[in-house]
Structures are given as C-alpha cells and as structure tokens.
Amino acid sequence: VNKQQSISSEQIKIRHPEFQLNETVLREFRDREPFKAHFFAAMSLMFPTGEKFFIDSVRYYRDRITDPELSQAVSRFCGQEGIHTREHLKYNELLKSFRIEPERVYRRLEKKVAFYNKMQSEKTQLAVVLAFEHFTAILADILLRRPEILDGADPKLAALWRWHSIEELEHKAVAFDVYRSIGGGYIRRLFAMLFITLQFAIDLNVNLLYLLRRDRLLLRPSVFFEGIRFLFFRPGILIRLLPEYLKYFAPGFHPWKKNNFTLVEKWENGIRQLASPAGR
Ligand SMILES: [Fe+2]
Ligand SMILES: [Fe+2]
C-alpha cells in the first residue's frame with residue numbers, strides 16, 4: 001500500500017456529462033439538510049475562480065515539461081478542470097433561488113487571486129495549486145468512500161459531486177508532478193499549504209455564511225446543530241480529513257502514496273448511468 005503507484009495519463013478521462021440540475025433539485029436538498037446543502041453550494045461557488053487559477057498556474061509551465069506522459073496529463077488536467085467549471089457555473093446559477101449572486105462571489109475571489117498573484121512567483125502559485133489539489137483529493141476520497149454523505153441529495157446532484165470527485169482523484173498528482181519536474185522544493189510546498197489552509201477556511205466560511213444569511217437560516221438553531229454534527233461527528237468531515245491532511249507535511253509525500261484509484265473504478269459506472277452524455 002505504501003509503494004508509490006501512479007496512474008497513466010490515459011486514466012485521466014475527459015467526460016462530457018450532462019446533469020440536468022434544476023432549482024427543485026437544489027431546493028429539495030436544502031429542505032432536507034440545509035447545512036449540508038449550503039456547505040456543498042459554498043464549495044461549488046469557489047470552483048469557477050479556483051479552477052481557472054489552477055489551469056493558468058499549471059499551463060504556465062507547459063513548455064518546460066519534457067516528459068510526454070506528464071505533458072499529456074497536464075492537457076487532461078486542464079480539460080477536466082475546465083469542464084468542472086462549466087458544470088459548476090450552471091449549478092451556481094441555480095443558487096440564485098436562495099437570493100445569492102454568484103457573480104459577487106466570483107468578483108471577490110478573482111480580486112483575491114489577482115492580489116496574491118502579483119506578490120507570489122509562478123512557482124509559489126503552482127505550490128498553492130498542489131495544496132488545493134490535495135484538499136480536493138481528500139474531500140473527493142471522503143465523498144466516494146462514504147456515499148451516505150450525499151444521501152439527502154437528488155441522484156442528479158449526487159452524480160455531479162461523484163463525477164467531480166472521480167476526476168479529482170484521477171488528476172490529483174498532476175500539479176504535484178509538474179512542481180517536482182520544475183524543481184519545486186519542500187519548504188515552499190509546506191508554506192503554500194499553510195497559506196492555503198487559512199485561505200480555504202476563510203473562503204469556504206465566507207461563502208457558507210453568505211448562503212445561510214441570504215437564505216435566512218443563519219440564526220436557526222437546528223441548522224447550527226446540523227452543522228456541528230456534519231463537521232465533527234457524522235460523518236465528521238473536518239475530523240476525517242485531518243490524518244490525510246497531515247501527511248502532506250511529510251518531506252516524502254506524493255499523492256499516489258495513498259492509492260485510492262479503486263474508488264474511481266467503483267463509482268465510474270454509476271456516473272455513466274446517471275449522467276447522460278451530451279453527445280460529443
Ligand atoms: Fe475540479
Ligand atoms: Fe483538481
């Protein structure tokens with residue numbers, strides 16, 4: 001299990017799913033489990049800006065990659081992230097029914113990215129991407145390993161999150177391998193992770209509070225207790241991600257030291273059934 005076992009670039013697949021989400025799907029999830037629904041929505045709101053930053057940062061080094069396998073993996077990484085954004089933009093539009101304005105969130109996050117990009121070198125920006133990718137890989141692993149987390153969600157919405165999770169696992173080492181190939185070091189990687197842990201916590205909370213406030217749920221005790229349970233007890237997302245999070249700080253860390261590709265194989269068929277291809 002501890003042996004490093006990467007996957008080939010062919011295993012990073014570009015899919016063209018069509019989830020046919022609608023307001024009812026999101027509303028039903030919110031009525032059943034408001035905290036959880038808005039927790040997922042808060043993440044969804046981060047993706048369009050985040051994924052554009054990931055693509056730009058990795059693409060910057062494209063010409064310096066000599067290994068054809070890695071360069072193919074980079075193309076596929078960019079392809080996957082681009083399609084994630086496309087689907088999450090649709091998802092986020094539907095959040096308008098909870099009186100929120102996705103464009104406002106994008107503007108705030110874009111300003112922040114631009115601000116930090118001015119101060120940080122391209123190498124540091126790439127180190128930030130790896131750290132983010134580690135977060136998404138941990139969350140993806142939890143989501144696929146514990147399918148009951150999406151129990152209250154419509155199958156279409158669950159399919160979207162499982163599809164995104166599958167692809168995050170498939171490409172989880174791409175940015176990392178690019179970083180290594182351009183001589184990125186341990187200290188920068190470590191500080192980027194500390195930086196991103198703070199930023200991720202801030203942005204997720206800002207989005208979550210915005211959603212809860214606009215949806216007039218902020219002061220409802222039941223929502224508060226649902227949140228405590230979800231984050232700390234059942235399934236206890238925050239507690240569960242901690243051990244994997246800490247592994248990142250080991251000097252010899254590599255994403256594929258945790259081989260969770262079986263989760264991809266396990267869930268892939270479910271996605272194929274639930275998401276009808278767009279016919280491309
Ligand atoms: Fe993504
Ligand atoms: Fe990703």
Side-chain angles (χ1 to χ4, degrees), residues 6-7 9 11-19 21 39-62 65 70-92 102 105-106 109-110 113 125-144 150 157-180 184 189 192-193 196-197 199-200 203-204 207 241 244-245 248 253-256 258 260-261 263-264 267-268 271 275:
S6 269
I7 63 163
S9 60
Q11 286 169 287
I12 303 170
K13 293 184 195 140
I14 309 282
R15 301 170 180 85
H16 293 278
E18 200 65 66
F19 296 103
L21 296 185
F39 180 85
F40 279 105
M43 283 205 288
S44 182
L45 283 167
M46 291 169 71
F47 288 128
T49 317
E51 287 168 335
K52 184 181 182 302
F53 166 69
F54 302 168
I55 293 171
D56 291 345
S57 310
V58 172
R59 210 171 251 167
Y60 177 83
Y61 286 105
R62 201 179 220 168
I65 300 167
L70 183 56
S71 122
Q72 155 112 287
V74 165
S75 306
R76 290 178 177 227
F77 169 86
C78 296
Q80 284 189 334
E81 295 293 22
I83 297 169
H84 298 169
T85 290
R86 189 187 75 196
E87 292 307 310
H88 280 279
L89 283 171
K90 291 189 224 163
Y91 185 159
N92 297 345
V105 178
Y106 304 152
L109 292 174
E110 276 157 19
V113 169
Q125 289 171 35
L126 184 62
V128 165
V129 177
L130 333 181
F132 254 120
E133 285 288 296
H134 185 55
F135 264 113
T136 52
I138 299 174
L139 290 167
D141 180 275
I142 296 175
L143 272 193
L144 296 178
L150 287 163
L157 187 60
L160 179 142
W161 282 106
R162 289 184 181 132
W163 157 73
H164 197 157
S165 298
I166 284 173
E167 300 197 347
E168 287 305 323
L169 290 187
E170 286 173 342
H171 74 224
K172 68 175 178 172
V174 175
F176 195 96
D177 290 341
V178 172
Y179 183 70
R180 256 191 344 191
R189 177 168 78 75
M193 182 44 122
I196 231 47
T197 304
Q199 299 306 327
F200 187 60
D203 292 332
L204 191 64
N207 287 355
L241 62 76
E244 289 305 318
Y245 169 76
Y248 195 79
F253 170 84
H254 185 273
W256 283 116
K258 183 182 176 72
N260 46 8
F261 198 73
L263 283 172
V264 172
W267 284 100
E268 230 190 344
I271 298 308

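In what follows, residues are counted from 1 in the order of the sequence shown. All of these numbers come straight from a predicted model, not from anything done at the bench. We count ligands from 1, going down the list as the structure has it; atoms in each ligand are counted the same way.
Every residue two or more places apart in sequence or in another chain that forms a salt bridge (charged side-chain N to carboxylate O under 4.0 Å, His left out) with Glu87 is listed here: Lys90. Taking Glu167 as the reference, Arg15 meet the salt bridge (charged side-chain N to carboxylate O under 4.0 Å, His left out) condition, with sequence neighbours excluded. Looking at residues two or more places apart in sequence or on another chain, you find no side chain to side chain donor-acceptor pair (under 3.5 Å) involving Tyr61.
The pair Glu170-Arg76 does not meet the salt-bridge criterion, since no charged nitrogen lies less than 4.0 angstrom from a carboxylate oxygen. Ionic pairing of Asp177 and Arg180 is present here: one or more N-O contacts between side-chain nitrogen and carboxylate oxygen are shorter than 4.0 angstrom.
In this structure, Arg189 forms a cation-pi arrangement with Tyr248, its terminal cationic atom sitting closer than 6.0 Å to the ring centre and no more than 45° off the ring axis.
Protein atoms that are N, O or S and lie under 2.8 Å from the Fe ion (ligand 1) are these: Glu51 OE2, Glu81 OE1, His84 ND1, His164 NE2, Glu168 OE2.
With respect to the Fe ion (ligand 2), Glu133 has OE2 as its nearest N, O or S atom.
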